[in-house]
Colleague: 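Below is a structure I'd like to ask you about.
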Amino acid sequence: MSRIEAVVFDLDGVLLDSEHVWDEVREELARERGGHWHERAQADMMGMSSVEWSRYMHDEIGLPEPPEEISDEVVRRMLARYAERLPLVDGAVGAVRRLAGSYRLGLASSSNRPLIDRALEAAGIAEHFEVTVSSEEVARGKPAPDVYQEAAHRLDVEPAACAAIEDSGSGIRAAHAAGMRVVAIPNRRYPPPDDALALADVVLGSVRELHPAAVDPG
């Protein structure tokens, strides 16, 4: 096993307890605009890039606006929610600061660029991340490996020398496919399926358990 040089965090579900916020905002918009929301929608969209989920909301949920307008409106509403209260996972800031003392840090998120930047700044941890990548900046969202491969490329570190911190099935699959060591912290609201969780190298109960030894036991 390669020595771990860098740690690449996911954002939603790992640092932010925000998956349900995305769910609420998109469902609210769908119902306002005459779409047909269904119980599988949030699970279907988890990990998708903004290009992919806005197209899903247009094609599958039935919103009449172009996908670009749908994405912009969802981001506007998410930023307003974050301005009211940033839904930080308890212990997330401490975990980032602990690992920043031992590793170079990156972030690979399905969130749009404005949401990534706002969240990290508001949490007071932006300075710890050398690179951040939004899946809207690569060809495919999770579970494809693109966003993790791009993070490793921007860090100039081989994927095998990176550990990814993930909570969802699509994220775990993406990091594993990229060739990274995967540390899973299963999302309690939207738990990853067993076959995805089996791909993880380490499974933790919460982000409070995230220490350098969990990232690289060697």
Side-chain angles (χ1 to χ4, degrees), residues 9-92 107-120 122-123 132-136 140-144 147 164-175 184-197 205-207:
F9 281 84
D10 176 39
L11 179 64
D12 297 288
V14 173
L15 301 180
L16 298 182
D17 183 16
S18 51
E19 296 290 6
H20 67 290
V21 183
W22 280 99
D23 197 11
E24 291 166 7
V25 165
R26 291 191 287 215
E27 181 177 0
E28 177 185 75
L29 182 63
R31 297 191 187 283
E32 283 179 14
R33 304 290 170 86
H36 306 288
W37 190 259
H38 55 77
E39 62 182 15
R40 298 189 321 279
Q42 172 63 9
D44 285 351
M45 288 187 279
M46 281 184 76
M48 287 185 181
S49 69
S50 61
V51 173
E52 293 164 341
W53 63 249
S54 58
R55 188 183 304 127
Y56 178 98
M57 289 191 71
H58 177 77
D59 295 348
E60 300 293 329
I61 304 299
L63 271 67
E65 294 81 8
E68 297 81 4
E69 289 185 20
I70 295 169
S71 179
D72 288 347
E73 180 59 18
V74 169
V75 169
R76 186 187 70 77
R77 295 184 185 204
M78 289 293 294
L79 286 170
R81 290 286 197 101
Y82 286 2
E84 290 175 9
R85 186 185 75 85
L86 188 68
L88 276 169
V89 170
D90 189 32
L107 184 133
S109 173
S110 299
S111 271
N112 304 62
R113 168 57 60 188
L115 295 171
I116 293 171
D117 294 345
R118 178 72 58 84
L120 296 183
T132 61
V133 185
S134 166
S135 60
E136 64 185 355
R140 301 172 297 172
K142 302 172 185 179
V147 70
I165 315 300
E166 267 291 352
D167 70 300
S168 70
S170 60
I172 292 167
R173 294 184 201 282
I185 306 173
N187 191 305
R188 293 181 181 178
R189 292 178 192 264
Y190 306 98
D194 290 344
D195 62 333
L197 198 57
S206 79
V207 75

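Just so it is clear, the values below take in all heavy atoms, side chains as well, and ignore hydrogens, waters and symmetry mates.
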Colleague: Can you tell me if CZ on Arg173 sees more than 12 non-hydrogen neighbours from other groups inside 6.0 Å?
Modeller: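 Atom CZ in Arg173 is crowded, with more than 12 foreign heavy atoms closer than 6.0 Å.
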
Colleague: Between Val207 and Ala92, which heavy-atom pair has the shortest distance, and what is it?
Modeller: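 Answer, listing the atom of Val207 first, then Ala92: CG1-N, 3.7 Å.
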
Colleague: If you measure from CG on Asn112 to CE on Met78, what distance do you get to the nearest 0.5 Å?
Modeller: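 Between Asn112 CG and Met78 CE, I get 9.0 Å after rounding to 0.5 Å.
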
Colleague: State the OH-OG distance between Tyr82 and Ser111, to the nearest 0.5 angstrom.
Modeller: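 Rounded to the nearest 0.5 Å, the OH-OG separation comes out at 5.0 Å.
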
Colleague: If you define the side chain from C-beta out and look only at heavy atoms, does anything of Asp10 sit under 4.5 Å from Lys142?
Modeller: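 Heavy-atom side-chain distance check passes, below 4.5 Å.
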
Colleague: Indicate yes or no: at least one non-hydrogen side-chain atom of Leu88 is less than 4.5 angstrom from one of Leu16.
Modeller: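 When only atoms from C-beta onward are counted, Leu16 and Leu88 do touch, with a gap below 4.5 Å.
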
Colleague: Can you run down the salt bridge (Lys or Arg N to Asp or Glu O under 4.0 Å) pairs that involve residues 71-82, sequence neighbours left out, and say none if there aren't any?
Modeller: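 Output for this query lists Glu24-Arg81, Glu28-Arg77, Glu32-Arg77, Glu73-Arg76, Glu73-Arg77.
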
Colleague: Return the CD to CD distance between Glu27 and Gln42, rounded to the nearest 0.5 Å.
Modeller: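 Rounded to the nearest 0.5 Å, the CD-CD separation comes out at 10.0 Å.
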
Colleague: Measuring from atom OG of Ser71 to atom CD of Glu65, what distance do you get when rounded to the nearest 0.5 angstrom?
Modeller: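 The OG atom of Ser71 sits 12.5 Å away from the CD atom of Glu65.
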
Colleague: With Asp44, which residues qualify under side chain to side chain contact (heavy atoms under 4.5 Å, CB included), at least two apart?
Modeller: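 Counting only residues at least two positions away or on another chain, Asp44 forms a side chain to side chain contact (heavy atoms under 4.5 Å, CB included) with His38, Arg40, Tyr56.
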
Colleague: Return the minimal non-hydrogen interatomic distance between Ala123 and Leu86, and the atom names on each side.
Modeller: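 Between these two residues, the closest heavy atoms are N-CD2, 3.8 Å.
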
Colleague: Identify the two heavy atoms, one from Asn187 and one from Gly13, that lie closest to each other, and give their separation to 0.1 Å.
Modeller: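 Taking Asn187 first and Gly13 second, the nearest heavy atoms are ND2-CA, 3.8 Å.
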
Colleague: Has His58 got a side-chain atom pairing as donor or acceptor with Leu63's backbone, closer than 3.5 angstrom?
Modeller: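 Checked: pair present.
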
Colleague: Specify the closest pair of heavy atoms between Ala144 and Ala174, including all atoms of both residues, with the distance to one decimal.
Modeller: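 Of all heavy-atom pairs spanning Ala144 and Ala174, the closest is O-CB, 3.3 Å.
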
Colleague: Please find the pair of heavy atoms, one from Pro114 and one from Leu79, that lie closest to each other, and give the distance.
Modeller: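 Distance-wise, the nearest heavy atoms are O-CD2, 4.0 Å.
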
Colleague: Does any non-hydrogen side-chain atom of Asp17 lie less than 4.5 Å from one of Val89?
Modeller: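 Counting from C-beta outward, Val89 and Asp17 do come under 4.5 Å.
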
Colleague: Distance from Arg140 atom CZ to Ser135 atom OG, nearest 0.5 Å?
Modeller: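 OG of Ser135 is found 12.0 Å from CZ of Arg140.
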
Colleague: Between Pro186 and Pro191, is any pair of side-chain heavy atoms under 4.5 Å apart?
Modeller: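 They are not in side-chain contact.
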
Colleague: Only one of Asp167, Ile116, Ile165, Thr132 clears side chain to side chain contact (heavy atoms under 4.5 Å, CB included) with Leu11; which?
Modeller: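 In the set Asp167, Ile116, Ile165, Thr132, the residue that makes a side chain to side chain contact (heavy atoms under 4.5 Å, CB included) with Leu11 is Ile116.
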
Colleague: Are Ser109 and Phe9 close enough that some pair of their side-chain heavy atoms sits under 4.5 Å apart?
Modeller: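 Of all side-chain heavy-atom pairs linking Phe9 with Ser109, none is under 4.5 Å.
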
Colleague: Can you tell me how far apart CG (Leu197) and CD (Glu166) are? Round to the nearest 0.5 Å.
Modeller: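 So the CG of Leu197 and the CD of Glu166 are separated by 12.0 Å.
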
Colleague: With a cut-off of 6.0 Å (strictly less than), are more than 12 heavy atoms of other residues, nucleotides or ligands near CG of Asp195?
Modeller: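 Enclosed: over 12 neighbouring heavy atoms sit under 6.0 Å from CG of Asp195.
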
Colleague: State, with a plain yes or no, whether a side-chain heavy atom of Trp53 is found less than 4.5 Å away from one of Arg26.
Modeller: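 The answer is yes, as the side chains (C-beta and beyond) meet within the 4.5 Å cut-off.
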
Colleague: Looking only at non-hydrogen atoms, find the nearest pair between Ala41 and Ile61 and report the distance.
Modeller: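 For Ala41 and Ile61, the tightest heavy-atom pair comes out as CB-CD1, 4.1 Å.
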
Colleague: Check Asp23 with Arg189, please: is the shortest side-chain N to carboxylate O separation under 4.0 Å?
Modeller: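 Judged by the 4.0 Å cut-off on N to carboxylate O distance, Arg189 and Asp23 do not form a salt bridge.
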
Colleague: For residues 48-61, pull every pair meeting salt bridge (Lys or Arg N to Asp or Glu O under 4.0 Å), keeping only residues two or more places apart or in separate chains.
Modeller: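 Salt bridge (Lys or Arg N to Asp or Glu O under 4.0 Å) check on residues 48-61 returns no pairs.
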
Colleague: For Ser18 and Asp12, run side chain to side chain donor-acceptor pair (under 3.5 Å): C-alpha distance rounded to whole Å, both residues' side-chain angles, the deciding distance at 0.1 Å, then the answer.
Modeller: CA-CA 6 Å; Ser18 51; Asp12 297 288; 2.4 Å; yes

Colleague: Is any side-chain heavy atom of Val25 closer than 4.5 Å to one of Leu29?
Modeller: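 Heavy-atom side-chain distance check fails, nothing below 4.5 Å.
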
